[in-house]
Protein chains: 2
Amino acid sequence: MATHAQVSVTAVSKVIRNAYGVSPAMKDRVKAAIEELGYRPQAVARGMRGRTFTIGLVLPHIRNPFFADILDGLTEYLENTDYQAFMIQGGATRKVELRAVDALMDRQVDGIIMVAPLASKARLEEVAKEKPTVVLARHERSSYYDSVFDDDEAGAELVVNHLVELGHRRIAHITHQDDSQARPADLLHNIRSATYERVMREHGLGDEIAIATSFYHEQGGYEGARELLSRPTPPTAIFAGADQAALGALAAVHEAGLSVPGDVSVAGYDNIHLAALPNIALTSVDQDGAEMGRAAGKLLLERIEGRMTPVRFSVTPSLVVRGSTAAPGSSGD
Amino acid sequence: MATHAQVSVTAVSKVIRNAYGVSPAMKDRVKAAIEELGYRPQAVARGMRGRTFTIGLVLPHIRNPFFADILDGLTEYLENTDYQAFMIQGGATRKVELRAVDALMDRQVDGIIMVAPLASKARLEEVAKEKPTVVLARHERSSYYDSVFDDDEAGAELVVNHLVELGHRRIAHITHQDDSQARPADLLHNIRSATYERVMREHGLGDEIAIATSFYHEQGGYEGARELLSRPTPPTAIFAGADQAALGALAAVHEAGLSVPGDVSVAGYDNIHLAALPNIALTSVDQDGAEMGRAAGKLLLERIEGRMTPVRFSVTPSLVVRGSTAAPGSSGD
DNA sequence: ATGAAAGCGCTAACAA
DNA sequence: TTGTTAGCGCTTTCAT
């Protein structure tokens, strides 16, 4: 490229990097040549000396539409930068999650953004010592990486208070289980679950606490709700820790011949698009995923630019009340 | 690494690549050193001389759970290889889609698998001439890349026949619109739509053809169905070209005060997990996404190994009948 | 079987 | 302001 355009490789490099020390004339000449030859710098070669302009995003899976919001926010933020985000699947086991992060490191990404609920904090810090890192959806405080998360305590509180205010007492909860090495209190599902218990007690409903431990997906919510509904004193309201589980819970309630919200109210968390459909009308907690994605991108680039001090960015959720929740025994549906 | 372990860099390289010309003794020594130092080869450096062991997957977005099946299939297939798949979002416009592919090329991925409905065939072939390429979900025949797709004609036929057999005559269809530069007949939504028209005619129902042009997502299906239901002679059955749209259609039907399948039958395409939930019970066409992902991975690796002749892999869909479809005017719901 | 050495396409230090 | 040069960490010849 350089020889073909009668300029030195250094000149080309400088122009591409917007570096200091090129005359306007030279700049024009190089730019013209780049244009003409359709030249594109090889990221791997750049990576050998410095940056690859690649950032890695680890997501456990892509089945939760909430992750799509995060990715969209991140993509939007990176649009005006030289960086490109690539997503790699973290999977369902710790082993796979670790391997995904390693795969990113092996490829010299400039930074890592991850939703990694399974790894230990120690492991995350090892990674963060090597590469600029932003951790999503975990609440622990680290001096090595930035954190972006939803205030899950506030969100869960909104839901339980809403159900109590409607007059419910037998409010049950569906939570998620995994074999994480994180401190339980740092994981969102445990926070939502613990907050549910706390708020129930604060309302004097400690004896009504009923938790089904299952998974944050359709099948998990379905099975969790079935289990709850089969108990001697079934709940009049179910708070599923995630919308995907709430969709399963709705199915279980209907299948049991009960109506929503007439017989059972159902609420979720995440406010996925589906929740807004009139025949689902799921009361849910909205956390701004796109905002989280943007924030993660911004924080990561700051780290890449050299910031070493940790930053924690927290999104405040809000309750979106829809038709799936109402006073117990209301004629509804 | 090499010096530290008293072996030459060449030896290390050979061992890592399983190359010819290392004695068992040397092999052991190197392996021990690799283990001890936790050495991991840099993919970018390897990429400068040969492969990066990275394959790029382009998906338009990650909101369709069907894409998750594809990714899972691909990931599963690559698990026992040295390759890693990274996903990049192709986005909603042709410009973004092209940029995503460029980003992959810039990073010297060893091959590209893409769901790229917007690009022209010519553009795909340009890419395929540079890099081993597998194109998903498009039906055109190219001599430069492999194709993996669902037999959308067969699938659409299954749905329309099913509805006709139930006794429906006023069967409407919801299709998807975009500003693709592909030949329309090569895109799955056009194939489904054209097949719907053809089968309707074959059943002597040419006059009943009613198509709402919208989008393959919840909102699109909702709006499409509303439009269809507001016509002078509303349909008794709606075939949405994708489950996501079908979910929106279900919402519109319910909102109109009509019952499913009593007043209106609804069928979709993709058989996403949600379709199986008892309260949704969506009749849908199952296409094996995981199988498509595995096939794409296999074909791509073959190409990377040197195959130049094009292969087309087609998945045969099957109909999954559930509660959302029944004879017109049946008491159901 | 082994390792020295060239070179992939860049960036950064330095010389001119 | 410019261009020459030395590597970055690998793979691949090619002597030994």
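Order of the sequence lines sets the chain letters (A, B, ...), proteins ahead of strands, with each chain counted from 1.
Separating the CD atom of A/Gln42 from the P atom of C/dT11 is a distance of 11 Å, rounded to the nearest angstrom. Rounded to whole Å, atom P of C/dA6 lies 17 Å from atom CE of B/Met48. The interatomic distance linking B/Asp110 (CG) with C/dC8 (P) rounds to 19 Å, in whole Å. Between B/Arg46 atom CZ and C/dC10 atom P the separation is 21 Å, expressed in whole Å. Between the CZ atom of A/Arg17 and the C1' atom of C/dC10 there is a distance of 9 Å, given to the nearest Å. Rounded to whole Å, the distance from NZ on B/Lys27 to C1' on C/dA1 is 14 Å. In this structure, B/Arg29 places its CZ atom 15 Å from P of C/dA1, rounding to the nearest Å. Between the CZ atom of B/Arg51 and the C1' atom of C/dC8 there is a distance of 16 Å, rounded to whole Å.
Comparing A/Pro41 and A/Lys14 along DNA chain C, the residue whose closest nucleotide (by nearest heavy atom) sits nearer the 5' end is A/Pro41. Both A/Ile16 and B/Pro24 sit near DNA chain C, but only B/Pro24 has its closest nucleotide nearer the 5' end.
For B/Asp152 and B/His139, the side-chain atoms include at least one donor-acceptor pair closer than 3.5 Å. Between A/Gln42 and B/Asp106, the side chains place no donor N or O within less than 3.5 Å of an acceptor N or O (distance only, hydrogens not considered). B/Thr54 and B/Gln84 form no side-chain donor-acceptor contact under 3.5 Å, judged by distance and modelled atom types alone.
Enclosure of atom CZ in B/Phe313 by more than 12 non-hydrogen atoms of other residues, nucleotides or ligands within 6.0 angstrom is indicated.
A donor-acceptor contact under 3.5 angstrom links the side-chain atoms of A/Thr10 to the base of C/dA12.
Checked by atom type and distance alone, the side chain of B/Arg29 never pairs as donor or acceptor with a backbone atom of B/Val7 at under 3.5 Å.
Look at B/Ser23 and you'll find a side-chain N or O under 4.0 angstrom from OP1 or OP2 of C/dT2.
Among the atoms of the strands shown, base atoms are found under 4.0 Å from some heavy atom of A/Gly21. Here B/Val22 lies in heavy-atom contact (under 4.0 Å) with sugar-phosphate atoms only.
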Please step through salt bridge (charged side-chain N to carboxylate O under 4.0 Å, His left out) for the pair A/Arg51 and A/Glu305, ending with a clear verdict. CA-CA 11 Å; A/Arg51 302 180 180 179; A/Glu305 301 301 339; 3.7 Å; yes
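Using a 4.0 Å cut-off between a side-chain N of Lys or Arg and a carboxylate O of Asp or Glu, B/Glu97 and B/Arg94 do not qualify as a salt bridge.
Of all nucleotides in DNA chain D having an atom under 4.0 Å from a heavy atom of chain B, the first and last in 5' to 3' order are D/dG9 to D/dT12.
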